[in-house]
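The structure under discussion appears below in the form of structure tokens.
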Amino acid sequence: MLPISTWVEDGIGLDVFCNCGRTGYVPAETARGLDTSMSLPLVAHHLVCKACGSKGAALQVRFSISDYYDQARGNGCLIPGGQSKTPPA
């Protein structure tokens with residue numbers, strides 16, 4: 001598995017999903033405070049759900065797709081309407 005530094009160094013945060021139904025977001029700046037050599041499943045053991053107190057296997061951590069799309073649009077890789085074009089050289 002890839003380390004979280006793959007995303008957070010590019011300004012992409014982490015989305016957190018708990019089995020209790022609560023969702024959360026960890027901005028890239030905050031995620032940099034974690035050990036960025038950890039994989040996404042290992043990061044889940046360092047986060048706690050504020051609603052139910054769960055951590056570890058009860059949490060799913062993914063890179064933030066909305067941050068990714070914002071970054072891609074800013075780099076000219078995506079255009080409105082969901083169509084993509086070749087990244088700039």
Side-chain angles (χ1 to χ4, degrees):
M1 297 214 123
L2 293 172
I4 64 169
S5 62
T6 305
W7 298 284
V8 298
E9 289 178 3
D10 287 336
I12 297 172
L14 305 172
D15 287 333
V16 183
F17 304 89
C18 183
N19 286 343
C20 75
R22 186 173 174 124
T23 61
Y25 172 74
V26 179
E29 297 79 27
T30 304
R32 285 187 192 110
L34 299 168
D35 179 1
T36 57
S37 66
M38 292 188 292
S39 64
L40 290 172
L42 289 177
V43 169
H45 293 280
H46 295 272
L47 302 174
V48 178
C49 176
K50 289 182 180 180
C52 68
S54 293
K55 65 179 185 178
L59 301 178
Q60 293 181 16
V61 181
R62 302 177 191 153
F63 75 92
S64 176
I65 196 70
S66 58
D67 284 355
Y68 172 78
Y69 281 130
D70 288 345
Q71 181 190 45
R73 283 187 189 94
N75 291 334
C77 296
L78 293 175
I79 57 175
Q83 300 172 354
S84 62
K85 62 180 181 179
T86 307

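These numbers come from the heavy atoms of this one structure, side chains and all, not from hydrogens, waters or symmetry mates. This chain uses plain numbering: 1 for the first residue, then up along the sequence.
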Is the Phe63 ring parallel, tilted or perpendicular to the Trp7 ring (thresholds 30°, 60°)?
parallel

Residues which pass side-chain contact (heavy atoms from CB on, under 4.5 Å) with Val43, listed by chain and number, not counting sequence neighbours
Ile4, Leu14, Leu34, Met38, Leu47, Val61

Could you grab the distance from atom CG of Asp70 to atom CG of Asn75, nearest 0.5 Å is fine?
11.0 Å

Gap between atom OG of Ser64 and atom CD1 of Ile12 - 0.5 Å precision
8.0 Å

Nearest 0.5 Å please: distance from the CD atom of Glu9 over to the CZ atom of Arg32.
7.5 Å

Determine, using the 4.5 Å side-chain heavy-atom cutoff (strictly less than), whether Val16 and Tyr68 are members of one ILVMFWY cluster.
yes

Please answer: with hydrophobic residues joined when any side-chain heavy atoms are less than 4.5 Å apart, are Val8 and Ile65 in the same cluster?
no

Ala51 and Arg22 have their tightest heavy-atom pair at CB-CD, 3.4 Å

side-chain contact (heavy atoms from CB on, under 4.5 Å) between Ser54 and Cys20: does it pass, once the steps are laid out?
CA-CA 9 Å; Ser54 293; Cys20 75; over 6 Å; no

Measuring from Leu42:CG to Ser37:OG, what's the distance to the nearest 0.5 Å?
9.0 Å

State, to 0.1 Å, how close Val48 and Gly53 come at their nearest heavy-atom pair, and which atoms those are.
CG1-O, 3.7 Å

Please enumerate all residues that pass side-chain hydrogen bond (donor to acceptor under 3.5 Å, both in side chains) together with Ser5, with sequence neighbours excluded.
none

Got a second to check how far Asn19's CG is from Cys49's SG, nearest 0.5 Å?
9.5 Å

